[in-house]
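Below is one structure, written out as structure tokens; the observations come after it.
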Amino acid sequence: MSLKIAVIACVAVLAFADQSPYPAPPAYAPPAPYHPPPKGYPAEPEYPDVPPKYNYNYGVADGYSGANFGHTESRDGYKTEGSYTVDLPDGRKQIVKYVDNGDGLVAEVTYEGEAQYPEYKPTYKPAPPAYGPPPPAYA
């Protein structure tokens, strides 16, 4: 009797094993055929063939933080030229002038002033070590 129950259980397991617990994936239709746009309708927008032309500049001079820098640039067609300046932390001013005629950037970097490196003087007293006896106090 137990052999019959074991055989029936194995047959039932095999019967349910070929069925997936998940639903079947949806069937997709083939994509719609391509139809070119009608004649007279531009496929892509047409832009006027005008060379770029602009001028801009800006500058920042903040006395609180010490930031002082600026930038100027102008472009007419393929020719771009400009310059920018920045005050460096060592007291010098860096000036960069650049030109690009469409064949590559050419930059000239110059500095005004002389670098200043003042002697470092710490304004804090180091903490005593956290271990061992305290240092001796002399009167």
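Below, each value reflects all heavy atoms present in this structure, side chains not excepted, and no hydrogens, waters or symmetry copies.
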Show the nearest heavy-atom pair for residues G102 and D100, with the distance to one decimal.
N-OD1, 2.9 Å
Roughly how far, to the nearest 0.5 Å, is CD1 of I95 from OG1 of T85?
6.5 Å
Among all residues two or more places apart in sequence or in another chain, which pass the ring pair (Phe, Tyr, Trp, His ring centres under 6.0 Å) test with Y64?
none
Would you call Y84 and E73 a side-chain contact if the rule is heavy atoms closer than 4.5 Å?
no
What pair of heavy atoms forms the shortest contact from Q94 to V109, and how long is it?
NE2-CG1, 3.6 Å
Are there more than 12 heavy atoms of other residues, nucleotides or ligands under 6.0 Å from atom OH of Y98?
yes
d(T80 OG1, L105 CG) to nearest 0.5 Å is 9.0 Å
In the single-linkage hydrophobic clustering (I, L, V, M, F, W, Y; side-chain heavy atoms under 4.5 Å), do V99 and V96 co-cluster?
no
Side-chain heavy-atom pair Y34, P36 within 4.5 angstrom cut-off
yes
Are any of the side-chain heavy atoms of L88 and Y111 separated by less than 4.5 Å?
yes
NZ (K97) and CD (E81) are apart, to the nearest 0.5 Å, by 11.0 Å
Shared hydrophobic cluster for Y56 and F69 (ILVMFWY, side-chain gaps under 4.5 Å):
yes
Qualifying residues under side-chain hydrogen bond (donor to acceptor under 3.5 Å, both in side chains), relative to R92, sequence neighbours excluded:
D90
When you look at H71 and N57, which way does the side chain to side chain contact (heavy atoms under 4.5 Å, CB included) test go after all the steps?
CA-CA 5 Å; H71 188 183; N57 62 34; over 6 Å; no
Is any side-chain heavy atom of K93 closer than 4.5 Å to a side-chain heavy atom of V86?
no
For a quick test of reading the model, state the closest non-hydrogen atom pair linking G77 to P51 and the distance between them.
CA-CB, 3.7 Å
Just to verify, what does D76 make a salt bridge (Lys or Arg N to Asp or Glu O under 4.0 Å) with, not counting sequence neighbours?
none
